Amino acid sequence: MIREQIVARGVRDPRVLEALRSVPRDLFVPRLHRLDAFGDSPLPLERGQTISQPYIVAIMTQMLQLRGDERVLEIGTGSGYQTAILARLAKHVFSAEIEPDLAATVLSRLNQLEIENVTLAVGNGIEVFRDRAPFDAILSAAAPDAWPRELLEQLAEGGRAVIPVGGDVQYLWLVRRVNGELVRRQLEPVRFVPLRTGRGGA
Ligand code: SAH
């Protein structure tokens with residue numbers, strides 16, 4: 001999986017590759033899809049949501065350039081697969097999931113991997129960890145259809161965010177805060193579930 005899908009498409013950061021090797025994706029995939037766990041595609045989760053394609057997890061993680069001392073905000077815990085990889089690379093991960101049923105199993109999976117530097121919360125990720133801001137890195141696995149100002153307010157000086165933005169057409173964006181200003185770079189076209197806002201509305 002790592003050689004053919006990830007290194008071949010340009011993910012070379014040795015720390016990212018090591019983190020990917022150390023987190024077995026099959027642990028995070030519903031039993032029905034275990035045999036496909038190392039395939040080149042997103043997979044369905046229990047509640048009509050998805051676990052991201054391995055390559056997308058890898059490229060988003062690499063974009064954050066984590067060195068080990070960062071506090072990271074993740075939006076859309078889902079299966080917890082991306083959470084586990086971020087936890088291997090940063091000091092602490094604050095991860096929010098709006099769907100309560102999905103969040104329930106994540107903790108036991110992280111425990112199985114002896115990952116302890118994660119704080120999980122159920123709720124809208126734009127809101128729930130606001131009192132822990134600013135964050136050195138932000139990663140969203142759900143796409144707002146417009147520019148997420150309230151989310152980017154939580155990005156620390158010198159920090160990096162990787163976020164999909166858009167509706168039917170979405171692009172991944174890398175956003176950095178440099179001298180107080182947000183500097184944005186458009187990356188590749190992607191397909192993420194929409195970011196939900198409010199109390200469970202679409
Ligand atoms: N990184 C996850 C992918 C999860 S898919 C994985 O590897 O498994 C995106 C997730 O974002 C879904 O579980 C969805 O329920 C969640 N989500 C959508 N809007 C959200 C919001 N506002 N706050 C937190 N989570 C949200």
Side-chain angles (χ1 to χ4, degrees), residues 1 5-6 16 19-20 23-31 33-34 36-64 72-90 93-110 113 115 118-130 132-133 135 137-152 154 161-167 170 172 190-202:
M1 176 182 101
Q5 300 170 28
I6 293 173
V16 172
L20 288 162
V23 177
R25 192 167 184 258
D26 54 340
L27 181 65
F28 295 85
V29 168
R31 197 155 285 129
H33 298 285
R34 285 282 147 87
D36 303 324
F38 303 102
D40 191 13
S41 62
L43 289 171
L45 292 177
E46 283 84 353
R47 302 278 303 182
Q49 304 289 6
T50 54
I51 168 168
S52 306
Q53 179 189 9
Y55 162 68
I56 289 291
V57 170
I59 198 82
M60 288 174 84
T61 307
Q62 176 166 273
M63 284 293 164
L64 293 178
V72 182
L73 173 64
E74 181 191 31
I75 297 189
T77 318
S79 66
Y81 176 65
Q82 171 83 72
T83 317
I85 287 165
L86 293 173
R88 291 273 200 244
L89 293 167
V93 180
F94 298 87
S95 184
E97 171 56 56
I98 206 163
E99 178 60 64
D101 291 3
L102 290 183
T105 48
V106 172
L107 204 56
S108 74
R109 289 171 174 161
L110 296 178
L113 296 175
I115 291 173
V118 173
T119 306
L120 297 175
V122 173
N124 180 356
I126 306 238
E127 303 292 341
V128 284
F129 287 121
R130 202 179 266 282
R132 308 296 188 100
F135 299 97
I138 297 176
L139 185 152
S140 182
D145 55 10
W147 203 250
R149 196 169 42 83
E150 292 140 332
L151 178 59
L152 293 168
Q154 301 175 52
V162 181
I163 317 173
V165 182
Q170 295 173 5
L172 204 57
V190 284
R191 184 108 201 124
F192 280 87
V193 303
L195 183 94
R196 286 154 57 184
T197 52
R199 289 177 221 85

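Each ligand, and each atom within it, is numbered from 1 in the order the structure gives. What you are looking at is a predicted structure, and each value in this text was computed from that prediction instead of being measured. Only heavy atoms go into these numbers, but all of them, side chains included; no hydrogens, no water, no symmetry mates.
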Before signing off on this row, confirm whether E99 and ligand 1 have an N or O atom pair separated by under 3.5 Å.
-> no

Within less than 4.0 angstrom of ligand 1, does T83 place any heavy atom?
-> no

Please work out which of G125, G76, P144 has its closest non-hydrogen atom nearest to atom 23 (N) of ligand 1.
-> G125

Carboxylate-amine/guanidinium contact E150 R130, below 4.0 Å | no

May I ask you to identify the nearest protein heavy atom to atom 6 (C) of ligand 1, giving residue, atom name and distance to one decimal place in Å?
-> S79 OG, 3.5 Å

Proximal ligand 1 atoms for G123, defined as those under 4.0 Å from one of its heavy atoms | 23 (N), 24 (C)

Which atoms from ligand 1 have a heavy atom of A96 less than 4.0 Å away?
-> 24 (C), 25 (N)

Check each heavy atom of T77 against ligand 1 and say whether those closer than 4.0 Å belong to the side chain, the backbone, both or neither.
-> backbone

Could you list which atoms of ligand 1 come closer than 4.0 Å to a heavy atom of I75?
-> 23 (N), 24 (C)

protein heavy-atom neighbour closest to atom 22 (N) of ligand 1 works out as R196 O, 2.6 Å

Using a 4.5 Å cut-off on heavy atoms from C-beta on, say whether the side chain of T119 contacts that of F129.
-> yes

Contact check, side chains of L151 and I163, non-hydrogen atoms, under 4.5 Å | yes

Do side-chain atoms of Q53 reach the backbone of Y55 as a donor and acceptor pair under 3.5 angstrom?
-> no

Just jot down the ligand 1 atoms closer than 4.0 angstrom to any heavy atom of L195, in number order.
-> 19 (N), 21 (C), 22 (N)

Out of E74, E97, R25, M60, whose heavy atom is nearest to atom 15 (O) of ligand 1?
-> E97

Do we get R25 above Y81's six-membered ring, with its NZ or CZ under 6.0 Å from the centre and within 45° of the axis?
-> yes

Nearest-contact summary for atom 5 (S) of ligand 1 - protein heavy atom, Å | T50 O, 3.0 Å

Ligand 1-proximal atoms of A141, by part, heavy-atom distance under 4.0 Å = both

Close side-chain approach of M60 and L64, heavy atoms under 4.5 Å = no

Compute whether any side-chain donor of one residue and acceptor of the other, for E74 and S95, lie under 3.5 angstrom apart.
-> yes

Ligand 1 contacted by S140 (non-hydrogen, < 4.0 Å) = no

Would you check the N or O atoms of N124, main chain and side chain alike, for any that come under 3.5 Å of an N or O of ligand 1?
-> yes

Does an N or O anywhere in A142 fall below 3.5 Å from an N or O of ligand 1?
-> no

Give yes if a backbone or side-chain nitrogen or oxygen of T197 is under 3.5 Å from a nitrogen or oxygen of ligand 1, and no if not.
-> no

Residues H33 and P44: closest non-hydrogen pair is NE2-CG, 3.3 Å

List the steps, then state whether side-chain contact (heavy atoms from CB on, under 4.5 Å) holds for I56 with V190.
-> CA-CA 9 Å; I56 289 291; V190 284; 3.9 Å; yes

Indicate yes or no: at least one non-hydrogen side-chain atom of V23 is less than 4.5 angstrom from one of L113.
-> yes

Does any donor atom in the side chain of Q82 or T61 lie under 3.5 Å from an acceptor atom in the other side chain?
-> yes

Counting heavy atoms only, which of I98, V193, V122 comes nearest to atom 24 (C) of ligand 1?
-> I98

